[in-house]
Amino acid sequence: MKLKSTIDAIISKALHSANIQNPNLSVTKAAKKEFGDFQYNGAMGLAKKLQTNPREIATSITTHIDAEIIEKVEIAGAGFINIWLKNSWLSSELKKISQDECLGIEKAQTKENIIVDYSGPNMAKEMHVGHLRSTIIGDTLANLFEFLGHNVIRQNHIGDWGTQFGMLVAYLEELQSSGDFQENLKDLEEFYKLAKKRFDEDAAFADKAREYVVKIQSGDAHCLKLWKRFIDISLAHCEEVYQKLHIKLTRDDVKAESYYNDMLSQVVQKLDAMSMLSVSEGAKCVFLPFSDIPLIVQKSDGGYLYATTDLGALWYRNDTLKADKILYVVDARQNEHFKSVFWVAKEAKMVRDDVVLKHIAFGTMMNEQGKPFKTRDGGTLKLTDLIDEAIIRAKNTLKDKEDAQGIEHKAKTIGIGALKYADLSVNRESNYIFNWDRMLSFDGNTALYMQYAYARIQSIIRKYVGTFDGDIKIESESERALALALLDFEDVLYKSAHECMPNHITGYLYELATLFMRFYEQSPILKEGIDGETKISRLLLSKITADTIKQGLAILGIETLEQI
RNA sequence: GCGCUCGUAGCUCAGCUGGAUAGAGCACUCGCCUUCUAAGCGAGCGGUCUUAGGUUCGAAUCCUAACGGGCGUACCA
């Protein structure tokens, strides 16, 4: 149910009947309860344009409002139009939602091919906290667009082609005699350190490492085989992390940097053919109208750079994947890079003009001192360790530790949920301060509060014996507020998708859960003295709430629990 | 130097296509469990929305500048 657009349509019709042209139509949710359910603030602006009195305009609009679903319309203040909806309409809409698997949410009108590029770990090292936000936010956006009916293509642009791989492969070869690959590569951080040490200390080894980079990139069979083996094991590490976090990325989604290797020379040729290329200080680059520094696509030594790879990927995504929209879920620090790459891709016609290219930027994860997140000794914190800690901490917060079997699953669900939710609930563009206690709290805008609300509802439903046949009656204030919130889900999802802002969803779920808690306190459901009709009505409200929370969390990649 | 970005309650954050008295949570104070999960609910306390201009009937929101923090600044990704 698109509540807002339904009311938009009503106002639009009224404006039309009143003979008023208004391109900037927009109703908003009422700022306060006293101002109704929705408000239209356009009369003031219109009055200005038409040189009349805003209240007159408002009156003219309201007299032309003609809709079954509206209970009451009022003009207030300077010319605000406040709108109340009929309870009977809310009831019947809710009833429809309760009978629909997708909670009455319509699929997007035009199905688009949406590419979400996220996670993108570097194969030379193990995943660390720096990869967390991209992975979590990207997966959520992919889920969201999928849920709204789009064709989502997840792309994991892993880093497998840098200069470090010569060193790593050369070192791997050396170790071949002692121990197997799996064992040597069990701890990639350690392996990298050892290889680096070897590189720094032994000139002969360093030369070999450099030689191997060239060999890998030019397709030497021996080196390539070792390299593939290395990537395979490193990728398996990532997949463990994805599994732990319930991230939906699979091998099919992997399109590594190396995948675009063959396209790189064509990228440069294309830019040349478009007369966009300049040679500056020996490097081939594109000068940009909005920047002092050019985008370098080929180094003076002939090597290519990540800009070249990104252009190749854009080209591929346009031509082969037929993308309508490409989202890059990458750290905000790469803002300028993407601005440049997008501009060049469009200018060079590698990407159709109407393809939407968006850098979904996010801020840095900070510790409590406001510094970038590191381990106590200043190193990077492995993601797998962070996840394990989340689970342990979740376990410690659980009251009921008796249930030995259930506790592991509960701790995982709660710990992972907390970790993800904390990240998703802040505006992704700002830096965010990581705090265990806050994210694992039952209070406030946390995953656990939502999971608790859900479990509470399930507990009631379990206790109830009988059918759910009946109508939804909206009688009290708390029921009404809950009903309105439930009908708002669709608008929230579309808004969140439009802006690529998952925190709109978390904010909504928190408000919904809060409204439910209030309703729960005030409206007994199964208690004695509650008549059958009321019981079913309240059960239905509870059930839709639970379904909405479950669906909302599912989009965020967070699971619910039947009991906590 | 230039560019990007942020600056809202003691703390962590919402709100930013301009709208009525700027919202939550934490912390602090107080009230509510023989009653569906009190891991909850309610009430109170707490604000020069960094500052100064500007646009507007109306600005936390848009524009300009200053100050303060973070980041980026051509052959790493």
Side-chain angles (χ1 to χ4, degrees), chain A residues 24 26 28 30-32 34-35 39 41-45 47-48 54 76-80 82 120 122 124 157 159 161-164 257 280-285 287 290-301 303-307 309-310 330-337 339-340 361 363-364 366 368 370-372 397-400 422 425-427 429-433 435 437-438 441-446 448-449 451-453 455-464 499 503-504 506-507 510-511 514 517-528 530 538-539 542 563-564:
Chain A
N24 299 321
S26 186
T28 50
K32 283 170 182 287
E34 307 89 86
F35 302 156
Q39 58 183 71
N41 304 334
M44 280 85 79
K48 171 88 182 180
F80 298 96
N82 297 338
N122 186 335
H157 191 84
W161 211 234
T163 39
Q164 323 96 312
E257 280 175 359
S280 175
E281 295 172 32
K284 289 183 181 167
C285 47
F287 281 89
F290 49 83
S291 174
D292 294 335
I293 50 168
L295 187 75
I296 298 182
V297 291
Q298 189 169 16
K299 297 192 281 184
S300 46
D301 68 3
Y304 299 104
L305 298 102
Y306 75 127
T309 312
D310 280 339
V330 182
D331 194 297
R333 280 174 291 195
Q334 297 203 33
N335 208 313
E336 272 113 333
H337 167 70
K339 192 180 170 196
S340 306
T364 314
M366 306 289 205
E368 262 137 293
K371 302 285 176 208
T397 65
L398 285 172
K399 259 184 185 172
D400 174 22
S425 60
V426 294
N427 184 322
E429 285 174 337
S430 44
N431 293 344
Y432 105 94
I433 299 190
N435 180 303
D437 293 333
R438 210 183 305 134
S441 168
F442 273 91
D443 300 313
N445 190 6
T446 65
L448 191 44
Y449 181 83
Q451 287 165 330
Y452 176 65
R456 254 181 143 176
I457 297 172
Q458 294 313 305
S459 166
I460 298 167
I461 291 174
R462 271 196 302 276
K463 282 202 171 72
Y464 173 71
E499 294 170 16
N503 66 314
H504 291 314
T506 59
Y510 177 56
E511 198 190 325
T514 305
M517 293 291 196
R518 198 169 302 159
F519 158 78
Y520 174 93
E521 297 284 332
Q522 293 174 10
S523 314
I525 302 169
L526 301 180
K527 291 178 184 175
E528 265 182 58
I530 304 298
R538 290 179 177 168
L539 275 165
S542 303
Q563 278 179 57
I564 292 181

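Only heavy atoms go into these numbers, but all of them, side chains included; no hydrogens, no water, no symmetry mates. Throughout, a chain's letter reflects where its sequence line sits, starting with A, and its residues are numbered from 1. Predicted model, so just to flag it, every value in this text is computed and none were measured.
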Q | A:Tyr510: ring pair (Phe, Tyr, Trp, His ring centres under 6.0 Å) partners, not counting sequence neighbours | A | A:Tyr449
Q. Got a sec, which residues hit ring pair (Phe, Tyr, Trp, His ring centres under 6.0 Å) with A:Phe287, two or more places apart in sequence or on another chain?
A.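 Ring pair (Phe, Tyr, Trp, His ring centres under 6.0 Å) check on A:Phe287 returns nothing, list empty.
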Using whole Å, report how far [atom1] of [X] lies from [atom2] of [N].
{"X": "A:Leu295", "N": "B:rC76", "atom1": "CG", "atom2": "P", "result": "14 Å"}
{"X": "A:Ile460", "N": "B:rU37", "atom1": "CD1", "atom2": "P", "result": "7 Å"}
{"X": "A:Glu429", "N": "B:rU5", "atom1": "CD", "atom2": "C1'", "result": "9 Å"}
{"X": "A:Asp331", "N": "B:rU5", "atom1": "CG", "atom2": "C1'", "result": "12 Å"}
{"X": "A:Tyr452", "N": "B:rA39", "atom1": "OH", "atom2": "P", "result": "6 Å"}
{"X": "A:Tyr449", "N": "B:rG25", "atom1": "OH", "atom2": "P", "result": "9 Å"}
{"X": "A:Met366", "N": "B:rG70", "atom1": "CE", "atom2": "C1'", "result": "6 Å"}
{"X": "A:Tyr520", "N": "B:rC33", "atom1": "OH", "atom2": "C1'", "result": "11 Å"}

Q) Reading nucleotides 9-17 of chain B 5' to 3', which nucleotides get B (base under 4.0 Å from a protein heavy atom), which S (sugar-phosphate only), which -? A) ---SSSS-B
Could you tell me whether [X] contacts a base, only the sugar-phosphate backbone, or nothing, with contacts defined as non-hydrogen atoms closer than 4.0 Å?
{"X": "A:Ser523", "answer": "base"}
{"X": "A:Leu526", "answer": "base"}
{"X": "A:Glu281", "answer": "base"}
{"X": "A:Glu511", "answer": "nothing"}
{"X": "A:Thr309", "answer": "nothing"}

Q: Tell me, please, which residues at least two apart from A:Asp331 pass side-chain hydrogen bond (donor to acceptor under 3.5 Å, both in side chains).
A: A:Arg333
**Q.** 5'-to-3' dot-bracket of RNA chain B (Watson-Crick, G-U; under 3.5 angstrom; crossing pairs as [ ]; | other strand)
**A.** (((((((..((((.....[...)))).(((((.......))))).....(((((..]....))))))))))))....
(Q) Nearest 0.5 Å, please: how far is CD in A:Glu511 from OG1 in A:Thr506? (A)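 CD of A:Glu511 is found 11.5 Å from OG1 of A:Thr506.
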Dump the pairs, protein N or O against N or O of nucleotides 19-23 of chain B, anything under 3.5 Å, distances to one decimal.
| from | atom 1 | to | atom 2 | distance (Å) |
| --- | --- | --- | --- | --- |
| B:rG19 | O6 | A:Gly45 | N | 3.4 |
| B:rA20 | N7 | A:Gln39 | NE2 | 3.4 |
| B:rA20 | N6 | A:Gln39 | OE1 | 3.3 |
| B:rA20 | N6 | A:Asn82 | OD1 | 2.5 |
| B:rA20 | N6 | A:Asn82 | ND2 | 3.4 |
| B:rA20 | N1 | A:Asn82 | ND2 | 3.4 |

Q: Work out which heavy atom in A:Ser280 is nearest to a heavy atom in A:Cys285; give both atom names and the distance.
A: CB-SG, 3.8 Å
Q: Using the six-membered ring wherever Trp is involved, compare the ring planes of A:Tyr452 and A:Phe442 and label them parallel, tilted or perpendicular (cut-offs 30° and 60°).
A: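 Perpendicular, since the angle between the ring planes exceeds 60°.
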Q | Phosphate OP1/OP2 of B:rG3: any A:Lys339 side-chain N/O under 4.0 Å | A |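 No, no such contact exists.
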Q) Expressed in whole Å, how much space separates the P atoms belonging to B:rG53 and B:rG18? A) 23 Å
